[in-house]
Number of protein chains: 2
Amino acid sequence: MLETPKSDRVSRRREATKAEILGAAWDLVGEVGLAGLSLRDLAARVGMRAPSLYQYFDSKHAIYDAMFQQAAQDMLEIRSVEVAPATLRADLLRAAHQFFDLATANAARAQLLFQRTLPGFEPSPAAYAPATELINRLQQAFINGGITHPDALDAWTSLLSGLVNQQLANDPGGDRYKRLVDRFVDMFLADFGPKKKGK
Amino acid sequence: MLETPKSDRVSRRREATKAEILGAAWDLVGEVGLAGLSLRDLAARVGMRAPSLYQYFDSKHAIYDAMFQQAAQDMLEIRSVEVAPATLRADLLRAAHQFFDLATANAARAQLLFQRTLPGFEPSPAAYAPATELINRLQQAFINGGITHPDALDAWTSLLSGLVNQQLANDPGGDRYKRLVDRFVDMFLADFGPKKKGK
DNA sequence: GTCTATAGTTTGATAGAC
DNA sequence: GTCTATCAAACTATAGAC
């Protein structure tokens, strides 16, 4: 509230335009692929010329960076990683399906988040922060649920990442690998779940 | 043997040059990324100028296509997917490790084979043939080993693909996910392995 | 705040000399 | 079979008018 009303309105308008640009960028990479994004086409899609984009983003990489942060934030919205021992299996099933559905809903987003395929692009620490937060939450959730094996987190992410990747690569838009999610969660629980009896 | 000796020697020389170009291409994409390959740089690496490459490949995509075929053929060299019921676990462990090691040894190769990330590139049927052959062999091996569940093949490839992807993305050059291969094979066997007792 | 104009590169690919 | 020369096009990014 230290800003004057006018500059506040201006900055709000500016944020709205940035959001509009990012929205158009997501549409565009959905059509031409993540690496196929060009500033000319992006500008045209929001009714601008390419140079005008530089009023909102310092570079093309800055746009990718903002997209990365949005994508990581989207994944973080899965706040239902709350896990209780009494409902462990149901909680993990819900979390797994939410992650799988979100990750496979947008191939470009999955490529940006989970693969290092853009030449020269590295997400900034700020953009990466939500991803770290997601891992932390998942780790805490596992502890709460009684899953304590040090490799549990890596195993969980590998299981889901494998299904997501195969779904996107071999059956985009289908459900050939989605049908395996439940089974993989049970495989995970059988190996990493809390043991009924002591060792 | 229908060719004259001279044309045979010429064509042999030609094949050798093509192989040399492909070798340089693998080196190059290992440094600049799969999408970063440029014909100028590639030509320079074999002591040519860019236009000369067109004597050996019709286009840049043709080079990618030949690389894809080589990569798929490399994977097919894992002929130790022979599986017998008596040695099922050991056979699968060996096959899993061979696949994992080969797939993670070259990030660009993994990207070319397992991800659809090159804008506009689709492997030709000829280049794809070894990949299909590999799947067929794996399927036959599973049947021989008593693994008959219709989802077993998808589950197996998902498990391995997840580990490979995470290894390449989060710990390139390390062994953080390689250490999970044995465990994943056992998880797979516990769920999809032949049952001791009839149903 | 958006534009025109353009710089400066890089790219894949072709024509034609040698 | 390799070259020089070059095309035509794309790209990111900047300068400066309005």
Side-chain angles (χ1 to χ4, degrees), chain A residues 3-4 6-22 24-25 28-29 31-68 108 112 117-122 124, chain B residues 3-4 6-22 24-25 28-29 31-68 108 112 117-122 124:
Chain A
E3 294 164 336
T4 72
K6 179 185 173 186
S7 75
D8 181 49
R9 231 187 47 211
V10 167
S11 105
R12 225 190 292 231
R13 183 75 190 85
R14 190 181 143 81
E15 289 308 310
T17 304
K18 287 181 73 165
E20 187 188 352
I21 292 171
L22 287 180
L28 197 51
V29 297
E31 299 170 14
V32 300
L34 191 61
L37 179 68
S38 88
L39 297 186
R40 270 176 174 75
D41 293 348
L42 175 56
R45 198 161 284 230
V46 294
M48 286 180 180
R49 304 299 182 124
S52 303
L53 295 176
Y54 286 84
Q55 297 293 327
Y56 301 95
F57 296 96
D58 287 341
S59 68
K60 188 182 180 182
H61 271 20
I63 295 177
Y64 279 134
D65 203 61
M67 293 174 78
F68 187 99
L112 182 60
T117 179
L118 280 181
F121 171 71
E122 282 291 317
S124 67
Chain B
E3 293 166 336
T4 73
K6 180 185 174 187
S7 76
D8 181 51
R9 231 188 46 212
V10 167
S11 107
R12 224 192 290 234
R13 182 76 190 85
R14 190 181 144 81
E15 289 308 309
T17 304
K18 287 182 73 165
E20 188 188 353
I21 292 171
L22 288 179
L28 196 51
V29 298
E31 299 170 13
V32 300
L34 191 62
L37 180 69
S38 89
L39 297 186
R40 273 175 173 75
D41 293 347
L42 175 56
R45 199 160 284 230
V46 293
M48 287 180 180
R49 304 299 183 127
S52 303
L53 295 176
Y54 286 83
Q55 296 293 327
Y56 302 94
F57 297 95
D58 287 341
S59 67
K60 187 183 182 184
H61 271 21
I63 295 177
Y64 279 134
D65 203 61
M67 293 173 78
F68 187 99
L112 182 58
T117 180
L118 279 181
F121 171 70
E122 283 290 317
S124 66

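So you know, we letter chains A, B, ... as the sequences are listed, proteins then strands, and number each from 1.
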Discussion item. Let's see if you get this right: which residues in residues 53-60 of chain B place a heavy atom under 4.0 Å from DNA chain D?
Written reply: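 Listed by number, they are B:Gln55, B:Tyr56.
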
Please tabulate, for side-chain N and O atoms in residues 56-65 of chain B, each donor-acceptor pair with protein atoms closer than 3.5 Å (sequence neighbours left out).
{"residue": "B:Ser59", "atom": "OG", "partner": "B:His61", "partner atom": "N", "Å": "3.4"}
{"residue": "B:Ser59", "atom": "OG", "partner": "B:Ala62", "partner atom": "N", "Å": "3.2"}
{"residue": "B:Lys60", "atom": "NZ", "partner": "B:Leu37", "partner atom": "O", "Å": "2.8"}
{"residue": "B:His61", "atom": "NE2", "partner": "B:Gly120", "partner atom": "O", "Å": "3.3"}
{"residue": "B:Tyr64", "atom": "OH", "partner": "B:Leu34", "partner atom": "O", "Å": "2.7"}
{"residue": "B:Asp65", "atom": "OD1", "partner": "B:Ser124", "partner atom": "N", "Å": "2.7"}
{"residue": "B:Asp65", "atom": "OD1", "partner": "B:Ser124", "partner atom": "OG", "Å": "3.4"}
{"residue": "B:Asp65", "atom": "OD2", "partner": "B:Ser124", "partner atom": "OG", "Å": "2.6"}

Discussion item. Once side chain to side chain donor-acceptor pair (under 3.5 Å) is applied, what residue pairs with a partner in residues 40-52 of chain A remain, sequence neighbours excluded?
Written reply: A:Glu31-A:Arg45, A:Ser38-A:Asp41

Heavy-atom closest pair, residues [X] and [Y]:
| X | Y | answer |
| --- | --- | --- |
| B:Leu42 | B:Ile21 | CD1-O, 3.6 Å |
| B:Met67 | B:Leu22 | CG-CD2, 3.9 Å |
| A:Leu118 | A:Ala35 | CD2-CA, 3.9 Å |

Worksheet item: Rounded to the nearest 0.5 Å, how far does CD of B:Gln55 lie from NZ of B:Lys18?
Response: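 Atom-to-atom, B:Lys18:NZ and B:Gln55:CD are 12.0 Å apart.
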
Response to the item:
Under a 4.0 Å heavy-atom cutoff, the residues of residues 31-50 of chain A touching DNA chain C are A:Gly47, A:Met48, A:Arg49

Worksheet item: Taking any atom under 4.0 angstrom from a heavy atom of chain A, which nucleotides of DNA chain D are the first and last to qualify, 5' to 3'?
Response: D:dC11 to D:dT14

Worksheet entry | Residue met sooner reading DNA chain D from 5', once B:Pro51 and A:Pro51 are mapped to nucleotides |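 Of the two residues, B:Pro51 wins.
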
Discussion item. In this structure, how many angstroms lie between the P atom of C:dA13 and the OH atom of B:Tyr64, rounded?
Written reply: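 Answer to the nearest Å: 11 Å.
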
Worksheet item: side-chain hydrogen bond (donor to acceptor under 3.5 Å, both in side chains) with B:Arg12: which residues, sequence neighbours excluded?
Response: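 side-chain hydrogen bond (donor to acceptor under 3.5 Å, both in side chains) check on B:Arg12 returns B:Asp8.
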
